[in-house]
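What follows is a short report on a single structure.
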Amino acid sequence: MKKIVLLATLLITFVPFSMAQFDMDEEIMKGSTLLPSVGQKLVYGVDYYGNSYDFIVTITSLKDGISFEYEMTNATNTKGTVSISAKAMDDALAQNNMFSGGEMNLLNKTTVWVSHKVFTDLQESGVAGVLPDGVNQTKLRYKKVAHDYEAMNGISGKKMNNLSYVYAESDDQKYKYWVHLDDNYPLILKMDIGWSIWLKEIKK
């Protein structure tokens, strides 16, 4: 009887660990990881309900959060700066996905990146709450980890085709996220929330 009780106790103890959706250490070795650096440019394609343009992010600081400059190749050549606080990068669920130029300081929202909490929740439980418009919360559910995202390396001129990501979507498939496999800086490689944005080139 004591052996049975001990076995049951051990199973209960180890169940939470077995519920992890993927093993980060194992998966990180299967593809490539983008390491963010000051001066790095991330060129995104945007399809905003049929209006197409580029959204170009230039990282200016990785201290106490993330700061970057951005410019768009839209009709008004929108430009601005964004600072995401360290706290927001740590635990924010809300996102800012609209840019109108000027200076923006995000204290409780992220943009371009999801927070460490969102990434960790997808990894550990398979479900993460997000607010894509900063107001209405939805749940993203883990679907898979893959290592086949493609983007151009602007330095070498060669295409990378093995970037690693975790893919998640809402139950109604209205929101879809491809998040880079980096628990420190979980970059959004691609996002479809009615309109879409996708990383297509990395420059330095």
- request: Measure the spacing between CG of Leu189 and CG of Leu34 and express it to the nearest 0.5 Å.
  value: 7.0 Å
message: Could you check whether any side-chain N or O of Glu150 sits under 3.5 Å from a backbone N or O of Lys200, counting only pairs where one atom can act as donor and the other as acceptor?
response: no
message: Keeping Thr73 on the side-chain end and Asp54 on the backbone end, is there a donor-acceptor pair under 3.5 Å?
response: yes
- request: Give, for atom CD of Gln123 and atom NE2 of His116, the distance between the pair rounded to the nearest 0.5 Å.
  value: 8.5 Å
message: Are Ile66 and Leu62 packed together at the side-chain level, in the sense that at least one heavy-atom pair is separated by less than 4.5 angstrom?
response: yes
task: To the nearest 0.5 angstrom, please state how far the CG atom of Asn97 sits from the CD1 atom of Ile193.
output: 4.5 Å
field: Derivation of the side-chain contact (heavy atoms from CB on, under 4.5 Å) call for His147 and Leu163
entry: CA-CA 5 Å; His147 313 276; Leu163 294 177; over 6 Å; no
task: Determine whether the side chains of Asp121 and Ser125 contain a donor N or O and an acceptor N or O closer than 3.5 Å.
output: no
message: Is any side-chain heavy atom of Thr81 closer than 4.5 Å to one of Phe68?
response: no
message: Under a 3.5 Å distance rule, please check whether Thr111 uses its side chain to pair with a backbone N or O of Asn96 as donor and acceptor.
response: yes
task: Answer with yes or no after comparing the ring centroid distance for Tyr167 and Tyr142 against a 6.0 Å cut-off, counting only values under it.
output: no
field: Ser32 OG to His180 NE2 distance, which is reported to the nearest 0.5 Å
entry: 8.0 Å
message: I'd like to know if the side chain of Tyr149 and the backbone of Leu199 have a donor-acceptor N/O pair within less than 3.5 Å.
response: yes
Flag side-chain contact, heavy atom, 4.5 Å: Asp47 against Tyr53: no
Non-hydrogen side-chain atoms of Leu122 and Val114 separated by less than 4.5 Å: no
message: To check you understand the geometry: which heavy-atom pair defines the closest contact between Glu201 and Gly154, and what is its length?
response: OE2-CA, 3.4 Å
query: Can the ring centroids of Phe55 and Phe99 be said to lie less than 6.0 angstrom from one another?
result: yes
field: N/O donor-acceptor pair under 3.5 Å between Asp133 side chain and Asn136 backbone
entry: yes
- request: Side-chain contact test, heavy atoms from C-beta onward, threshold under 4.5 Å: evaluate it for Asp182 versus Pro36 and give yes or no.
  value: yes
query: Taking atom CD of Glu27 and atom OG1 of Thr33, what is their separation to the nearest 0.5 Å?
result: 11.0 Å
- request: Find out if a path of hydrophobic residues (ILVMFWY) with successive side-chain heavy-atom gaps under 4.5 Å connects Val46 to Ile56.
  value: no
- prompt: Going through the checks in order, is the side-chain contact (heavy atoms from CB on, under 4.5 Å) test met by Asp192 and Tyr177?
  reply: CA-CA 7 Å; Asp192 187 341; Tyr177 284 69; over 6 Å; no
message: Would you say Val118 ends up clustered with Val127 if hydrophobic residues are merged whenever their side chains have heavy atoms under 4.5 Å apart, either directly or through other cluster members?
response: no
task: Inspect the contact between Lys139 and Asp171 and indicate whether a charged nitrogen and a carboxylate oxygen are less than 4.0 angstrom apart.
output: no
message: I need the minimum non-hydrogen distance between Ala94 and Gly134, along with the two atoms involved.
response: CB-CA, 4.0 Å
message: For a quick test of reading the model, state the closest non-hydrogen atom pair linking Glu71 to Lys79 and the distance between them.
response: CB-CG, 3.8 Å
task: Go through the steps for Leu93 and Asn108 under the test side-chain contact (heavy atoms from CB on, under 4.5 Å), then give the verdict.
output: CA-CA 8 Å; Leu93 302 182; Asn108 54 9; over 6 Å; no
For Gln40 against Leu42, the heavy-atom pair lying closest together: OE1-CD2, 3.9 Å
query: Do the side chains of Val82 and Leu106 get nearer than 4.5 Å, heavy atoms only?
result: yes
task: Work out which heavy atom in Tyr44 is nearest to a heavy atom in Ile188; give both atom names and the distance.
output: OH-O, 2.7 Å
- prompt: Should Tyr175 and Tyr49 be counted in the same cluster of Ile, Leu, Val, Met, Phe, Trp and Tyr side chains packed under 4.5 Å apart?
  reply: yes
field: Main-chain N/O of Met89 paired to Ser115 side chain as donor or acceptor, under 3.5 Å
entry: no
- prompt: Same hydrophobic cluster for Ile59 and Met152, using side-chain heavy-atom links shorter than 4.5 Å among ILVMFWY?
  reply: no
message: Between Ser37 and Lys204, is there a side-chain donor-acceptor contact under 3.5 Å, judged purely by atom types and distance?
response: yes
query: Going hydrophobic residue to hydrophobic residue with side-chain gaps under 4.5 angstrom, can you get from Leu107 over to Met98?
result: no
- prompt: Is the backbone N or O of Ser83 less than 3.5 Å from a side-chain atom of Ser67, with the two atoms forming a donor-acceptor pair by type?
  reply: no
message: Determine whether a donor-acceptor pair (N or O, by modelled atom type, separation under 3.5 Å) exists between the side chain of Asn105 and the backbone of Ile84.
response: no
- request: Side-chain contact test, heavy atoms from C-beta onward, threshold under 4.5 Å: evaluate it for Thr60 versus Val38 and give yes or no.
  value: no
statement: Of all heavy-atom pairs linking Lys203 and Val43, the shortest is CE-CG2, 4.4 Å
message: Could you check whether any side-chain heavy atom of Pro132 comes within less than 4.5 Å of a side-chain heavy atom of Thr138, counting everything from C-beta outward?
response: yes
statement: Taken to the nearest 0.5 Å, the spacing of Arg141 CZ from Ser170 OG works out to 10.0 Å
message: Apply side-chain contact (heavy atoms from CB on, under 4.5 Å) to residues Leu181 and Val145 and explain how you reach the verdict.
response: CA-CA 8 Å; Leu181 218 61; Val145 167; 4.1 Å; yes
